[in-house]
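Here the structure is laid out as structure tokens; the discussion comes afterwards.
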Amino acid sequence: MIPITYSAEVTEARANGAAIVALESTIITHGMPFPQNIELARQVEQDIRDAGAVPATMAVMEGTLHIGLDDDQLSKLAQAKGVAKLSRADMAACIATGGTGATTVAATMIAAQIAGIHVFATGGIGGVHKGAEDSFDISADLMELAQTAVTVVAAGAKAILDVAKTLEVLETQGVPVIAYGQDAFPAFWSRGSKLKAPLRMDNAAQIAAAHRMRGELGLTGGQLVANPIPAEAEIPSAELAPIIATAQADSERAGITGKAVTPYLLQRIFELTEGRSLEANIALVRNNARLAAEIALELGKKA
Ligand code: PSU
Ligand code: MN
């Protein structure tokens, strides 16, 4: 049996068949500094409630899988040191040994599926890292999208990744990549990019219908919705390119590998932009939460 706990509001939402949106916790523990991380975590949950759905932030705490955290738990996690970063490979061991860990996109999708939650909002997904032809560093998030039926709303992929290779792997793995309201695949801090997204949809109802149809066709896996950052929060990619290159070089020089790579790069970029990247990050996560709530509400309607 899985040691599992549902927050009070998620328990109520499940009983009433209300729309629920999953949220990850690695963005809180490894993606942003304190106290902005807890402020964002609370704000995003409230955005989801304001949009008429219920938030479920996922985490493993002392060996229990939490589907939804109360404010105390959220605040504890945001300030805890040495929290594990859980992907598909780590989740069972963490729960079985009574550990505490934050869920990445992959682990959050697994938790969502266990709880019967179909929609998940985050900032950026993991992907194929630059230089992956040597390092083989490809996030387990991509393979999770290929096998777990959750629609993930993100703002595209950060330029710390090789975005073209990331799109190729998603195509190979049969993951629909849907740009929201535009043709271009958004580049996280910027709305546009030179890359065209394979699919485009202009409203939440279409995304919900496509999610449902994949289930009817018996296709495993989820969908990636790439939602461009709001125009007023955008940072031009030319400004960030040299900063990302510096972060990358620092990471190599420091010999960072494995699951430490993404948190290291994110932290370096926050430092090098003196927090400017953080403001954009917050705006896009909130924007993704609102769209995810709309999709969850659409999925809740009788087809
Ligand atoms: N990209 C971001 N912010 C993040 C992450 C990625 O822009 O917080 C986190 C997510 O939790 C994602 C994880 O699932 O990093 C990917 O880590 P890795 O590349 O080690 O698979
Ligand atoms: Mn990796």
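Whatever order the structure lists ligands and atoms in, that order sets their numbers, starting from 1. Computed over heavy atoms, backbone and side chain alike; hydrogens, waters and symmetry mates excluded.
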Relative to ligand 1, is L266 under 4.0 angstrom through side chain, backbone, both or neither, heavy atoms considered? side chain
Atom of A121, atom of A292 and distance for their closest heavy-atom approach: CB-CB, 3.7 Å
Please state which protein non-hydrogen atom is closest to atom 11 (O) of ligand 1 and give its distance, to 0.1 Å? E24 OE1, 2.5 Å
Please say whether more than 12 non-hydrogen atoms of neighbouring residues, nucleotides or ligands are located less than 6.0 Å from CD in E133. yes
Shared-cluster residues of M213, by chain and number - hydrophobic side chains joined below 4.5 Å: L217, L219
Within the structure, does G127 bring an N/O atom to less than 3.5 angstrom of an N/O atom in ligand 1? no
Between T151 and Q223, do the side chains contain a donor N or O and an acceptor N or O under 3.5 Å apart? yes
When you look at T57 and H66, which way does the side-chain hydrogen bond (donor to acceptor under 3.5 Å, both in side chains) test go after all the steps? CA-CA 8 Å; T57 302; H66 285 261; over 6 Å; no
So Q248 and E252, side-chain hydrogen bond (donor to acceptor under 3.5 Å, both in side chains) or not? Walk me through it. CA-CA 6 Å; Q248 216 98 42; E252 274 166 44; 5.8 Å; no
Looking only at heavy atoms, which two atoms of V175 and L142 are closest? And how far apart? CG2-O, 4.3 Å
Of all the non-hydrogen atoms in the protein, which one sits nearest to atom 21 (O) of ligand 1, and at what distance? S139 OG, 2.7 Å
Are any of the N or O atoms of K85 closer than 3.5 Å to those of ligand 1? yes
With a 4.0 Å cut-off, would you call K301 and E298 a salt bridge? yes
Which protein N, O or S atoms lie under 2.8 Å from the Mn ion (ligand 2)? D137 OD1
Nearest non-hydrogen protein atom, atom 19 (O) of ligand 1: T262 OG1, 2.7 Å
Count the heavy atoms of every other residue, nucleotide or ligand shown that sit under 6.0 Å from NZ of K76, and state whether that count exceeds 12. no
Protein contact of atom 6 (C) of ligand 1 - nearest heavy atom, named by residue and atom, plus distance: G124 O, 3.5 Å
Salt bridge present between D183 and K196 (N-O < 4.0 angstrom): no
N or O pair under 3.5 Å between T104 and ligand 1: no
Within-shell test, H129 vs ligand 1, heavy atom, strictly < 4.0 Å: yes
Between D141 and ligand 1, is there a nitrogen or oxygen pair with a distance under 3.5 Å? yes
Using a 4.0 Å cutoff against the non-hydrogen atoms of K158, which atoms of ligand 1 qualify? 2 (C), 3 (N), 7 (O)
Taking only heavy atoms of F188 into account, list the atoms of ligand 1 that are under 4.0 Å away from them. 7 (O)
R42 bridged to E45 by N-O distance under 4.0 Å: no
Distance filter under 4.0 Å to T26 heavy atoms, resulting ligand 1 atoms: 11 (O)
Please indicate whether E239 has more than 12 foreign heavy atoms, meaning atoms of other residues, nucleotides or ligands, lying under 6.0 Å from its CD. yes
